[in-house]
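Presented below is the structure to which this report refers.
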Amino acid sequence: MSDPMVPPTPPVPLEALLARADLGLRRIAGPDDPGTVVHWAHTSEMADPYPYLLGGELLLSAGVHIPEGAGAGYFDAYVSRIVAAGGAALGFGLAPVHKAVPGALVEACEMHGLPLLEVPPRTTFSGVARAVWQLMAQARTAELRRVAEAQQSLATAAARPDPLRPVLHQLAQRIGGWAVLFAPDATELAAEGTTPPPEAGEALTALAEVVRPDAAAGGRAAGATGAPPRERSRERGRAGDGGPPARAKPGAGEAPAQRREPTPVPTTASDTVDGTHLAAYALGPGHGFVLGVASPHRAPGDHTIASVAAALLSLLTGRRQGGTTTAHSSALVRLLLGAPPEKVAPLLGGERWHVVHARPDGRSAPDPLAVSALGAALGSALVDPTGEAVRVLVPADRPVEPLPGWTLGVSPAAAPPDWPDADIRAARALARARATRVPLLRHGDRPALADLVPPHDADAHARSLLAPMADAPALMDTLRTWLSLHGSWDRTAVALSVHRNTVRQRIARCAALLEADLDDPDVRMELWFALRRT
């Protein structure tokens, strides 16, 4: 996991700032390391800037804080505090306070390994900060473009007849490294790309055990690969010094007993061994497959690209693990040949099911990759992306929770003969969720007063009461939605994707056809009972 203090924007290489001719910055001390990056620019004239730094800053100062006659001790303490806070570099502005950078400051930065930049009088600190954000925006745009292209290539690879190796191949190419799929028994099922050094390969195998779901049961552990204990050099550092945030990581030689009861088991883990960046991703709930990634460089967007590949591989390995593709094909054939749904449902993995209707936030329709990711998140491969909403059949024993970027309507658990009714209820729940702007709404399945009336009599009463609108399904849907939203014109318009004036006209038409006062709560209650029977 990343440091919460580090912004989500890509860092800016210090070399990129130095290359800006309009700034005229000049490095006069500190290491000439092309890996030095800046996460933001911060101006401070405090003698001790430590409390005000988060790490990764280019600290800008004009030396206002420097007392007259300050010696080497002052500058040593000042620079050491910047380094302790994780500052990436120090920019010292010339004029109006100092005509030159103090020599003791140059020596202190050289001694502590802090890059020191001379900022000429013509360059303002706000100009430096603006340049940092401009470079960040450019890097972010490039990162988004790279991720989008990778998503398309991974989705295309996943559509091939034998998709595992093509997906791994595309992932390895995109990150410039190695991608491996570990089977539930910890063996390498498939691998593509440039094989990492043996030390890194052993560490990646150990890392895969950390995220494997059955690791919590005390089965396998990170040291179970047979590798003898050994010391491994690791790259650690605060965000901003080019290394990943420091945190405890597994080692290839740790004893199994050290990891028999991790709670909870993480879904991802990362490490850096001898300059090779490693990451492991658990695939799917309980499948036991793990995606491992190793690369000599960690570039912005690599984690996102690997996560997309992990989502696709979760779907592919889930089908491989359970043989669900064959079962689903068999179920489809039996339905086409006339078998009743209740006879086919056991092949699909459950007796009772939720119908989920989902729409992505915003106006755009979901792309195939987003639809696949939705099915994976809900734990079901029974996904229908056609129509205005994506429909998913989810076994009743799998909880349906809110998902970022989606609005969901969920039906009560239903047996196969009741699936059509459940589909209608899920659609109504989705419409209400969108109108009330909640991420998930479940259709209520509590017994109601209307259930006390015999179904035959209730249906006959509903047909009689609603007969004037029997040939106007749009009016029927509008009235049902309007009543469910307590007569709100705006929310009904959102739920039906029409203009609010259209809602007013339809409701007025309903009142005229029914010859009813829709402001009367008794009339509304009776109509609501009748509409529930349609």
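Quick note: numbers below take in every heavy atom, side chains included, and nothing from hydrogens, waters or symmetry partners. This chain uses plain numbering: 1 for the first residue, then up along the sequence.
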Please report the interatomic distance CD1(I175) to NE2(H303), rounded to the nearest 0.5 Å. 12.5 Å
Nearest non-hydrogen partners of I305 and L154, listed with the distance: O-CD1, 3.8 Å
Assess whether a salt bridge exists between E143 and R146, defined as any Lys/Arg side-chain N lying under 4.0 Å from an Asp/Glu carboxylate O. no
A131 and L23: which non-hydrogen atoms are nearest, and at how many Å? CB-CD1, 3.7 Å
Is L114 close to L116 at the side-chain level, that is, under 4.5 Å between some pair of heavy atoms? no
Would you say R391's side chain and A426's backbone share a donor-acceptor pair under 3.5 angstrom? no
Give the minimum heavy-atom separation between D271 and R298, together with the two atoms involved. O-NH2, 4.2 Å
Between L440 and P402, what is the shortest heavy-atom contact and its length? CD1-N, 3.8 Å
Of all heavy-atom pairs between V38 and M136, which one has the smallest distance, and what is that distance? O-CE, 3.9 Å
Within-4.5 Å side-chain heavy-atom neighbours: L90 and Y78: yes
Intermediate values then yes/no, side-chain hydrogen bond (donor to acceptor under 3.5 Å, both in side chains), H112 and D76: CA-CA 8 Å; H112 288 281; D76 180 75; 2.8 Å; yes
Under the side-chain hydrogen bond (donor to acceptor under 3.5 Å, both in side chains) test against S61, which residue among E45, H98, H42 passes? E45
Are any of the side-chain heavy atoms of L25 and V119 separated by less than 4.5 Å? yes
